[in-house]
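Every chain is numbered from 1, with letters handed out A, B, ... down the list of sequences. Heavy-atom basis, side chains included; hydrogens, waters and symmetry copies ignored.
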Amino acid sequence: MRDWKRTHTCGALRGMDAGSGVVLVGWLHRLRTHGGVNFADLRDRYGMTQVVLRDEAEMHGRSVTGLRGEFVLGIRGRVSARPDGMVNPKMATGEIEVLADEVVVLNESEVPPFVIEDETNANEDLRLKYRYLDLRRTPMKNNIVLRHRVAQAAREVLNGEDFLEVETPTLVKQTPEGARDFLVPSRLQPGKFYALPQSPQLYKQLLMISGLDRYYQLARCLRDEDLRADRQPEHTQIDIEMSFVTEDDVFALCERLMSHLFRTVLDRDLEVPFRRLTYAEAMSRYGSDKPDLRFGLEIVEVGDCLQTSGLKIFQDALSSGNTICAIRVPGAAGWSRKEIEAFGSIMEEAGGRGVLWTKAEAGGFTGGVAKHLDESCRDSLRERLGIGDTDLVLLAADKGSRVNVLLGVLRRPLAEKLGIIPEGVDAFAWVTEFPLFEWSEEEDKWESTHHMFCMPRCEDLDYLDSDPGRVRGQVYDLVYNGIELGSGSIRCHLRSLQEKIMKRVGFPAELAEERFGFLLKAFEHGAPPHGGIALGLDRLVMVMACRETIRDVIAFPKTTTGGSLVDGCPSRVPARELEELGLTQSELKKD
RNA sequence: GGGGCCGUGGUGCAGUUUGGUUAGCACGCUGGCCUGUCAAGCCAGAGGUCGCGGGUUCAAGUCCCGUCGGCCCCGCCA
C-alpha cells in the first residue's frame, strides 16, 4: 500500500491551497450520493473537509455506496476551489473541496449508537458508555480543547511569576475530619491503609517550610462523597501556595491569573480588582456565602418597619427576637397568587415556613399581608426598600440569619423569572472573613469552617477560648456568578497557635501529635508565614464553556453512583487478590 | 440515609391517567433512483422480550410489589 501519511488536517485547507495535491485522513461524517458525483465530509479533530468522489476515483475494491458513517478513510486528491455559488460559508474549509483520485478504507465502523453531530439527542448514559464517540462531537471536543487551553494558560501565568510545579503523593496518610477518604490497602503492611488525597493541603504547606516559596500543581483531589452536577469523586484543582504573603497578594495573583485566562481563552476582559465582601455581608445581603452578583434582589431587614403591624406572625417574630427580612421584586406586582406561592414552595423545600407578600400598586399596597400594614408600616417599608409602583415585596420571618438564607434561595429563581440575569457578565467576587469555626449540632462540638490550618484574624485571637464562633479567619472564597470557584486562606504557621486551634476542634495535644505531629514538628523548624488557594479547574472550565455540569468538561466522568460507564468500574476483583491484601468480602452480596 | 423525575425498535419521544385487536411518530439504518450537495431530495423496506423479576386479571407497555440503571435535589462534600 502507498504511504497514507496525511499532508494536511481536515480543518487546514483554504482557497489559496487550490491546485495542491494532498492526502487527508479522517472519519466519514456524512456521504451524499448524486449518481455520478458524490460528496463525502471527512472529519477529524481539526475540522471538516468536503471530498468529491467521482466514478473515476480509485477505490481499491470499494464502491462509494459501500462507504458508511464513521469509516476511517484516507483520501489522496487535489484541492479545488469550489465553483461559483458553491462556497459554503458555514465551513472553515468551505472555499475548497478535495477532488479524490484515490480512496482507501483504513478501518470500518459499526453504525454508531447515536449520530455524531453537534446537537445530539442521545441520553447521557449512552454518551458515557460510548464516550469515545461522544468526544468526536464538536462541542465535546471543544470542551476538552478549552480545558487544555485553560490549564496551559494557568501554567503560563504561574511559571511567569516564579512558581514551581511540584507533584505531591497520591498515596497519603488518612486525614481525620473532612470528607470521607478513598482507602487503599497496603500489601506490604497488611491491615494498614493509604488514603487518596482530598487535596495536597499539608504537602504544600511542607513545601513552603522547605523554602520553595511559590508552588502550584494541577492536583487531582479525591473525596468519597455523593456526587452532584458540579461534584465528582475526583476533581482537579489549580492548587497554589505562597510564602510571605497576605490575603491581598493571593487575591491580586488570582486576579492576574483569571484575567489572563479569560483574555487568552475567551477573549474577554475582566474588571479587576474583583469586588470584595465579607462573609457576614454576603450572608445578610444575599443569604449565601457564594452570592450571584449579576443581579440585585438584595435582602433587607425590615423588622423595625413592622412594629405597628397587627399580623401575628410579625408580632411573634418581633417579641421572640426573630428576624424579619424582605426582598423587593421590581415590576412583579402583576404576578398571580399562584406564581408568588410557587416561591413559597421553594422556600418550604429549603426548610422555611413559606413566604409572605404584598404588592405595591398605584400608590398603595394590595394583596397578601397588605391589610395588616398601617400607614406607618407602609411608609417605612417604602423608604427602606425603595418601593416603586409595580413592585412585589416578599417577606419572611425566622430565627436569626436563617431567614436570610431562606430568602437567598429565592434570588436565582426570581431573577430567572424576571429575566434580569444579564448575558455574558462575569461577576467575580471575593468573600472574605469566613468564621474560623462553626458549631456542629450533630457532633456537639466546634468544627473548622474551612480546615484547621487557617490563620485567625489577629484582632479575633482573644475569642479563641471565650467565644469561638466570633473568631474570623483569614479565609476566603472566590465566587463567580453564584458558583464557588475556589477557596483558600492564610495558614497558621505557629505551632502553639495551631495546637490551640486543633484543641478547639477536638484534637487535644496527644491526638494532634499522633495525627499531625509531622506538621507541628515542621512548624518548629522555621516555618515561614504562608497562604494560598485552590481553584476548581473543572468548575472553572464548566463556566467558561457555559455548561451545566462538570461531566461535560471531564473526558471520562463518573455517574451519580460513582460508576464509569465506559469501562464499568468499580468492579469486583478476584478473591485471591483480596486475600493477598488481608481483606475478605464476606459481608458483601454477590451479583 | 431521604425526596423527586426517567427507562417503549439503533436514537429521541408518544401511548400508561381510564388494562382490550396489527404499540405510533421523527431521526438513524438497509435497498433503489439521482452529476453540485453540504441537516441533500425522492421511492421502497427492515427493525420492538415496552429495563429486569414477581403478582393481580379472561387480558398488562398500562395496575400492584420488588429490583437494576440514569438524572436532579436535601443530607454529606473541612
* A:R504 and A:E499 ion-paired at < 4.0 Å -> no
* Structure fact -> Re B:C63: Watson-Crick or G-U wobble partner, both distances kept under 3.5 Å, found to be B:G55
* Structure fact -> For B:G24, the nucleotide meeting Watson-Crick or G-U wobble distances (both under 3.5 Å) is B:C13
* Reading 5' to 3' through nucleotides 23-39 of chain B, protein heavy-atom contacts under 4.0 Å coded B for base, S for sugar-phosphate only, - for none -> -----SSSS-BBBBBBS
* Asked: Taking only residues two or more places apart in sequence, or in another chain, which ones meet A:F437 in a ring-ring contact (aromatic ring centres under 6.0 Å, His included)?
  -> none
* Asked: Where each residue is assigned the nucleotide of RNA chain B containing its nearest heavy atom, which of A:E442 and A:F114 is assigned the position nearer the 5′ end?
  -> A:F114
* Is a salt bridge present between A:D226 and A:R231, judged by a nitrogen-to-oxygen distance below 4.0 Å? -> no
* Which part of the nucleic acid does A:D224 contact within heavy-atom distance under 4.0 Å: base, sugar-phosphate only, or nothing? -> nothing
* May I ask you to say whether A:D17 pairs ionically with A:R14, meaning some side-chain N is under 4.0 Å from a carboxylate O? => no
* Which base sits across from B:G36 as a Watson-Crick or G-U pair, both distances under 3.5 Å? -> none
* Would you say the side chains of A:R491 and A:S489 form a donor-acceptor pair under 3.5 Å? -> yes
* To do: For A:S448, answer base if it contacts any base atom (sugar-phosphate contacts may also be present), sugar-phosphate if it contacts only those atoms, and nothing otherwise; contact means non-hydrogen atoms under 4.0 Å.
  => sugar-phosphate
* To do: Could you say whether A:T560 or A:R539 is positioned toward the 5' end of RNA chain B, judged by the nucleotide with the nearest heavy atom to each?
  => A:T560
* Does the distance from a Lys or Arg side-chain N to an Asp or Glu carboxylate O, for A:D224 and A:R180, drop under 4.0 Å? -> no
* Asked: How long is the line joining CD of A:E441 and P of B:C76, in whole Å?
  -> 12 Å
* To do: Determine the contact category for A:R127: base if any of its heavy atoms lies under 4.0 Å from a base atom, sugar-phosphate if only primed atoms, P, OP1 or OP2 are that close, otherwise nothing.
  => nothing
* Asked: Between B:C77 atom P and A:E234 atom CD, what is the distance in whole Å?
  -> 20 Å
* A:N88 versus A:Q50, side-chain donor and acceptor atoms under 3.5 Å -> no
* **d(CZ, A:R231; C1', B:C71) in whole Å** => 15 Å
* Asked: In whole Å, what separates the C1' atom of B:G15 from that of B:U62?
  -> 9 Å
* Determine, for A:R495 against A:E513, whether the closest basic-nitrogen to carboxylate-oxygen distance falls under 4.0 angstrom. => yes
* To the side chain of A:D226, which of B:G75, B:G70, B:C77 is closest? -> B:G75
* Structure fact -> Rounded to whole Å, the CZ-C1' distance (A:F182 to B:C76) equals 13 Å
* Once you apply the 3.5 Å cut-off to both distances, tell me the Watson-Crick or G-U wobble partner of B:G7, or none. => B:C68
* Could you verify whether a donor N or O on one side chain and an acceptor N or O on the other, from A:S564 and A:D567, lie under 3.5 Å apart? => yes
* Rounded to whole angstrom units, what separation is found between the CD atom of A:E348 and the P atom of B:C74? -> 17 Å
* Asked: For A:T561, which contact category applies under a 4.0 Å heavy-atom criterion: base, sugar-phosphate, or nothing?
  -> sugar-phosphate
* Side-chain N or O of A:N123 less than 4.0 angstrom from OP1 or OP2 on B:C6? -> no
* What integer number of Å spans the P atoms of B:A23 and B:U30? -> 26 Å
* Asked: Between the side chains of A:D292 and A:Y286, is a donor N or O closer than 3.5 angstrom to an acceptor N or O?
  -> no
* Asked: When you check the gap from the basic side-chain N to the acidic O, do A:E70 and A:R136 get nearer than 4.0 Å?
  -> yes
* Asked: What is the nucleic acid contact for A:L126, judged by heavy atoms within less than 4.0 Å: base, sugar-phosphate only, or nothing?
  -> sugar-phosphate
* **Length of the CD-P vector between A:E447 and B:G75, whole Å** => 15 Å
* To do: Report which part of the nucleic acid A:A229 touches: base, sugar-phosphate, or nothing (heavy-atom distance under 4.0 Å, all strands).
  => sugar-phosphate
* Could you tell me the separation between the CE atom of A:M347 and the P atom of B:C73, rounded to a whole number of Å? => 21 Å
* To do: Starting from P on B:G70, measure out to CD on A:E124 and report it in whole angstrom.
  => 11 Å
Set out, line by line, the N/O atom pairs under 3.5 Å between protein and nucleotides 45-47 of chain B.
none

